[in-house]
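So the structure is just underneath, and the comments pick up after that.
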Amino acid sequence: MTLQQVYKHAIKNNYALGAFNFVNLESLTAILDAAQELNTPVIVAVSESAFKYMGFEFLKSIIQGARKTYSIPFFVHLDHGKNLDICQEAIECGFDSVMIDASSLPLEENIKLTKQVVNFAHAKGVQVEAELGKLKGVEDDICSSEHLFTDPIEAKKFVEETNVDSLAIAIGTSHGVNKFSGEAKIRTDILTQIENAIPSTPLVLHGASSVPKELTQKINELGGNLKNAKGVPEEILTEVSTKHNIVKINVDSDIRMATTYAIRKYLTENSSEIDARKYLGEAKKEITKLVKEKILNVFKTKEINNF
Ligand code: G3H
Ligand code: 13P
Ligand code: ZN
């Protein structure tokens, strides 16, 4: 089963796949445990900085280990690759899919770089996601102070000229835990216009953590200091998964919050414990719980039996 087949199935059957970021063995296996328990496909994503943090050889080995351990279809994806080199490195490392994020460049340069990555990746049977528009906030090292929503006309030109497999769009979400100062506003009207312009292109939503209030509260009660944390309401995520062509929803911050909460809680309640397997084990359980909830109740991902 290829990722492109799953995307097509997702558009037709009104659901999305979660793309959950991992940074170590614990977070990878916690996400895969969740998908395995629910018998659904899932995407596990590695940012450029997480790639460097884990290192090429170790990352390659844990991906191979995961392929031998889990029977559900899972896809390893490079998140926000900034140039051709890192995309090539990820492909060599065994990734199924890469994102080339040249969204900070002018349109023609974004097209040019995306095309180079598409040519290289497709020859190796690897899929490519690109981005058009800008998300407010920090995208790795790039910081944008304003949203620049994706232009539907540009999206059509971009997809036709690059032959990219999926497109990440900007409709009001942003990375991190401080997404909105007031009411959460997501431009589903622009999403509809994009779908009308490129009806068969699988679309991707970045910056889609819901930043659960209970988690923020519990982290702060345990000594944390998350201020003005606000995420994307779950109803909106379900709406774009089931009524629109969004097939991939990116979640990183919520995983970080689940990890932080579990470790703070465990160490507060067990102050003489020094075995990392104990508190990392609690983090794993909390990530698995969060990922299962999203797959099942928010993104409505279909079981593999339904393919
Ligand atoms: O898209 C942004 C991700 O949350 C990656 O963040 O570079 O800190 O791993 P990171
Ligand atoms: P969040 O910060 O909302 O989790 O977004 C993650 C993301 O888009 C990774 O590419
Ligand atoms: Zn992102």
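For reference, positions follow the sequence shown, starting with 1. Whatever order the structure lists them in is the order used to number ligands and atoms, beginning at 1.
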Worksheet item: Rounded to the nearest 0.5 Å, how far does CD1 of Ile169 lie from CG of Leu132?
Response: 10.0 Å
Practice prompt. Specify side chain, backbone, both or neither for His206, according to which of its non-hydrogen atoms lie closer than 4.0 Å to ligand 1.
Written response: neither
Response to the item:
Logged contact type for Arg256 with ligand 1, heavy-atom cut-off 4.0 Å, is side chain
Item to complete: Keeping the roles fixed (side chain from Ser27, backbone from Asn24), state whether a donor-acceptor pair exists under 3.5 Å.
Response: yes
Item to complete: Please could you name the atoms of ligand 1 that Ser49 approaches to less than 4.0 Å, counting only its heavy atoms?
Response: 7 (O), 8 (O), 9 (O), 10 (P)
Discussion item. For atom 7 (C) of ligand 2, what is the closest protein heavy atom, and at what distance to 0.1 Å?
Written reply: His175 CD2, 3.3 Å
Worksheet item: For ligand 2, is any non-hydrogen atom under 4.0 Å from Ala208's backbone (N, CA, C, O), its side chain (CB onward), both, or neither?
Response: backbone
Practice prompt. Run the numbers for me: atoms of ligand 2, each under 4.0 Å from some heavy atom of His206, listed by number.
Written response: 8 (O), 10 (O)
Discussion item. If hydrophobic residues (ILVMFWY) are linked whenever their side-chain heavy atoms come closer than 4.5 Å, directly or via other members, who joins Tyr266 in its cluster?
Written reply: Ile263, Leu267, Tyr279, Leu280
Item to complete: Check ligand 2 against Ser253 and write out every atom of the ligand that is under 4.0 Å from a heavy-atom position of the residue.
Response: 1 (P), 2 (O), 4 (O)
Practice prompt. Would you check the N or O atoms of Asn21, main chain and side chain alike, for any that come under 3.5 Å of an N or O of ligand 2?
Written response: no
Fill in: Asn21 N/O under 3.5 Å from ligand 1 N/O
no
Worksheet, complete the sentence: Here the atoms of ligand 2 under 4.0 Å from any heavy atom belonging to Lys179 are 1 (P), 2 (O), 3 (O)
Worksheet item: Should the pair Lys112-Glu108 be classified as a salt bridge under the 4.0 Å nitrogen-to-oxygen rule?
Response: no
Practice prompt. Examine the side chains of Asp165 and His122 and answer whether a donor and an acceptor come within less than 3.5 Å of each other.
Written response: yes
Practice prompt. Compare all side-chain heavy atoms of Glu92 with those of Phe56 and state whether any distance is below 4.5 angstrom.
Written response: yes
Worksheet entry | For Glu161, side chain to side chain donor-acceptor pair (under 3.5 Å) partners two or more places apart | Lys157
Practice prompt. Tell me yes or no: between the side chains of Ser209 and Lys179, is some donor less than 3.5 Å from an acceptor?
Written response: no
Discussion item. So for Met99, does at least one of its heavy atoms come nearer than 4.0 angstrom to any atom of ligand 2?
Written reply: no
Worksheet item: Aromatic ring centroids of Phe95 and Phe51 under 6.0 Å?
Response: yes
Item to complete: Answer yes when Lys289 and Glu286 have at least one side-chain N-carboxylate O distance shorter than 4.0 Å, and no when they do not.
Response: yes
Worksheet entry | Per-atom contacts, ligand 2 versus His80 - under 4.0 Å to a heavy atom | 10 (O)
Worksheet entry | Angle subtended at the Zn ion (ligand 3) by His206 ND1 and His175 NE2, rounded to 10 degrees | 130°
Response to the item:
Among the N/O/S atoms of His80, the Zn ion (ligand 3) lies closest to NE2
Worksheet item: Should Ser209 be counted as touching ligand 2, given the test is an N or O pair under 3.5 Å?
Response: yes
Worksheet item: Are any of the side-chain nitrogens in Lys265 or Glu282 under 4.0 Å away from the carboxylate oxygens of its partner?
Response: no
Worksheet item: Quick one: does Leu203's side chain get under 4.5 Å of Ile198's, heavy atoms only?
Response: yes
Discussion item. Check this for me - ligand 2, Gly207, N or O atoms closer than 3.5 angstrom, yes or no?
Written reply: yes
Worksheet entry | Proximal ligand 2 atoms for Val251, defined as those under 4.0 Å from one of its heavy atoms | 4 (O)
Discussion item. I need the contact type for Asn250 against ligand 1. Using non-hydrogen atoms and a strict under-4.0 Å cut-off, is it side chain, backbone, both or neither?
Written reply: neither
Discussion item. Residue-level breakdown please: for Asp79 versus ligand 2, do any non-hydrogen atoms fall below 4.0 Å on the side chain, on the backbone, on both, or on neither?
Written reply: side chain
Practice prompt. Please could you name the atoms of ligand 1 that Asp252 approaches to less than 4.0 Å, counting only its heavy atoms?
Written response: 3 (C), 4 (O), 5 (C), 6 (O)
